[in-house]
Amino acid sequence: MKKINLEQKSLEIQKIISRYTKESFVCFFADFIRHHPERRNIGFSEKFKSKLKDSLYLIMLRLSTSIEGQEELHYTKESDLVLQQVADILLEIVSFYLSENYDELDEITDKRQRLLVHELAFKNYFQNGILNYREQEVNKVIRMFKPYQDKIQKRLGIDLKTLIDLCTHSELIYQAKSKNSKSFILDKKFDKLARHSANGLLAENEFADKLFELSDETQESFLNFFENPHQCLLFTKQDFLPSIEEKHIDIFCDLFSIDIKDTHSNLFYSQQNPLESKPIIKISNNQYLNIYQKQLSSALYDLLYTTLTQTKKEKEQLNFRKGKVVLENHTLELFKKFFKKSKWVNFFTNYYINNYPEEKDILIIADKNAYIIECKASRYREPRRNTEQAYQRIKSDFADCIQKGYDQCYQVEQEFLSNEKVVIAFKGKSEVITTNDIHEIFSIVVTSERFASIQTDLGLLLKKENDEDPFPWSIYVDDLETFLKTLYIKSNNPSRKFYEFLEHRELLHERLITNDELDVCAMFLQNPKHFKELCASEYVVFTDPTLQNYFDKLYFDKKLKFKIEDF
C-alpha cells in the first residue's frame, strides 16, 4: 500500500471539520454515538468502520485546535457530503495503520500469521466497543472497590455509593429527557403522517404542510427534536437535585468532564482518547454534554483503580484482589446459579489434584460432566503500530493469561484421562472421584479482560501438546454471565444445552472469523441445528455482527436481567 503521512492526513480532516463550531460538532456526534442504531445506515454513517471509535476520535480532533468555526453542524445533504469526505480520509488512515507492514510480506507462514494477529488485535482494540450492560459495569465497580470505601472518601472527597448513584442518576436524567423530547410520537395524527411519509404516500413538501395542521404542542416538540436531537444528552447540575448533594455533583462533574474551551493535542487515531476517562464535555458554566454515557461506569472503575494504587504495595494488593478474589468468586457464583437445576453437581474451589503442588481455581462435576475452570485477570495492553513489536506484546499478554489458564486446565484434564481415580484436596479435606463416571471433560478459561478475536479463535496463538487435543473455551467474564443467564431463562435443561454448546464450539477454532464470543453464543441460541452443522463442517465461519441483537432484545424486553449488587 502507498505510504501516507499520518500527521498530514489528520490535519486534513481537522481543517475540514473546523468549519463547524465546536459545540455543534460535539453535540452532533454525541447524538450520533447514542442514537445511530435507531437510524438508517446511509451516507457518511455507512462509511464509518467503527461508529463509536471514529466519532470519539473526530470529537477530540475537533477540540484539538483553537479554530472556533463558523457553521452549525446539522444533518443535511451538504454536510453529509463533507462528512463522507472525512470518512474517506479516516478510512485511509485506519487502513494504513493495518497495512503499512504488508510491503515486506513474503511467503513465510509465520510472517502472515503475525500480520493477521496484529490486524485483528488492532481492529478489535481501536474499532470495536464491548457489548455488555450498564449493570455489569456497575457491579464490576462494587465487587472490586467495596472494601476501600473509607480510602475512596478520604482521597476523592466523595463516597463510593454517591459516585455510583451519580452514574445511575445520569442515565435516568437522559431517559426522562429522551422520552420528553419525543413526545410528538404519542400524537396519533403525527404517527399516521410519519407512516404515510415513510411509505412514499406524500408529495414533495406535503409533510411540512400537513405537520402545521397538527397541534402547536406536537409541532413544537417535533421541530425541537429535529433541530436539536442531542438535547436529551445535555444536563445541568440542577438536574441531579435534590437527590444528590450539590458538593458531590461538583466533584462528579470535575472528575468526569473536559471543558470544551480547554486545549487538547489529540491528533492521531491511535492516541489514548481523553473521553474514555472523562466521557462528559462541559459546554458552558452549567451545561454539560454526555458524549459516551455508557462509558461512565468504566471511567469510574479506572479512576478508582488509579486512586487506590498510589504505591507499589497497593497495586499488588489490588491486582491480587482483582483475580484471586473478585474474578474467581464472581465466576463461581455464576456457575452455582446456572447449575442449581442440576440433580448431581459438586463444586471444588482452590483445590489440588493428586500430587500436583499447584493450586487450581474451580472444578465442577455436574450431570456426570467435568468442567475445569481457570480464572485469569492478566492485562491486555494496547497494540503497537509496528507488527513485530505488536505481535510480541499480544503474544506475551496472551501467554500470561489464556495460555497459562489452558496449561493449568490441561494438567487436571490429563489426570482425569490417565487415572481410574483422582484425589481432589480442598479446604482441608479430600474427595476421590472415579473417572469412569465422567462422560465428558471441558476446559474453560475465564478472563477479566476481553481479548476479542485471539480469544474467540484460539487457533491463532494457543499452543497445545498435541494437535488432536481439543481446544478449551475461553471467554470474557461479562460474556459468560450474559450467555449463562440467557441459557438459563431460555432452556428447560440449561445444563444439557451448555454441554451441547461446548461439545460443538471446540470444533470452530482455526476457522472462525469473529471478534465477539457473544456472536457465536447467539448463533447457537437462535438455531442450534444450524450451529452444529457449521461446527461439523470444514467451512470458514463468519459470524453476523447483528447476532448480538439477540441479547439486546432480551435485555430491553426485561427478560435478561442484571441486578445491582448490595454493598
Worked verdict on Thr486 versus Tyr555 for side-chain contact (heavy atoms from CB on, under 4.5 Å): CA-CA 10 Å; Thr486 305; Tyr555 177 78; over 6 Å; no
Pi-cation contact, [Y] with [X] (under 6.0 Å, within 45°):
| X | Y | result |
| --- | --- | --- |
| Lys464 | Tyr406 | no |
| Lys485 | Phe562 | yes |
| Arg505 | Phe442 | no |

Classify the ring geometry of [X] against [Y]: parallel below 30°, tilted from 30° to 60°, perpendicular beyond 60°.
| X | Y | answer |
| --- | --- | --- |
| Tyr371 | Phe498 | parallel |
| Phe48 | Phe32 | perpendicular |
| Phe531 | Phe501 | parallel |
| Phe256 | Phe252 | tilted |

Would the number of heavy atoms belonging to other residues, nucleotides or ligands and lying under 6.0 Å from [atom1] of [X] be above 12?
| X | atom1 | result |
| --- | --- | --- |
| Glu358 | CD | yes |
| Lys368 | NZ | no |
| Lys341 | NZ | yes |

Residues Gln411 and Glu415: side-chain donor-acceptor under 3.5 angstrom: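 No, Glu415 and Gln411 have no side-chain donor paired with an acceptor closer than 3.5 Å.
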Ile152 and its side-chain contact (heavy atoms from CB on, under 4.5 Å) partner, picked from Leu303, Leu304, Thr307, Ile158: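 When side-chain contact (heavy atoms from CB on, under 4.5 Å) is applied between Ile152 and each of Leu303, Leu304, Thr307, Ile158, only Leu304 qualifies.
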Set of side chain to side chain donor-acceptor pair (under 3.5 Å) partners for [X], sequence neighbours left out:
| X | answer |
| --- | --- |
| Gln317 | none |
| Glu328 | Lys324, Asn350 |
| Ser55 | none |
| Asp367 | Ser342, Ser495 |

Closest contact, heavy atoms only, Leu296 versus Ser170: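 Taking Leu296 first and Ser170 second, the nearest heavy atoms are CD1-OG, 3.8 Å.
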Qualifying residues under side-chain contact (heavy atoms from CB on, under 4.5 Å), relative to Cys401, sequence neighbours excluded: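 Residues passing side-chain contact (heavy atoms from CB on, under 4.5 Å) with Cys401: Lys376, Ser378, Thr447, Phe451.
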Salt bridge (charged side-chain N to carboxylate O under 4.0 Å, His left out) contacts in which one or both residues fall within residues 438-448, not counting sequence neighbours: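 Sorted result for residues 438-448: empty, none.
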Stepwise ring pair (Phe, Tyr, Trp, His ring centres under 6.0 Å) test for Phe240 and Phe235: CA-CA 9 Å; Phe240 289 91; Phe235 69 89; 5.6 Å; yes
From Glu374, Gln455, Gln403, residue fulfilling side chain to side chain donor-acceptor pair (under 3.5 Å) relative to Ser474: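 Option passing the side chain to side chain donor-acceptor pair (under 3.5 Å) with Ser474: Gln455.
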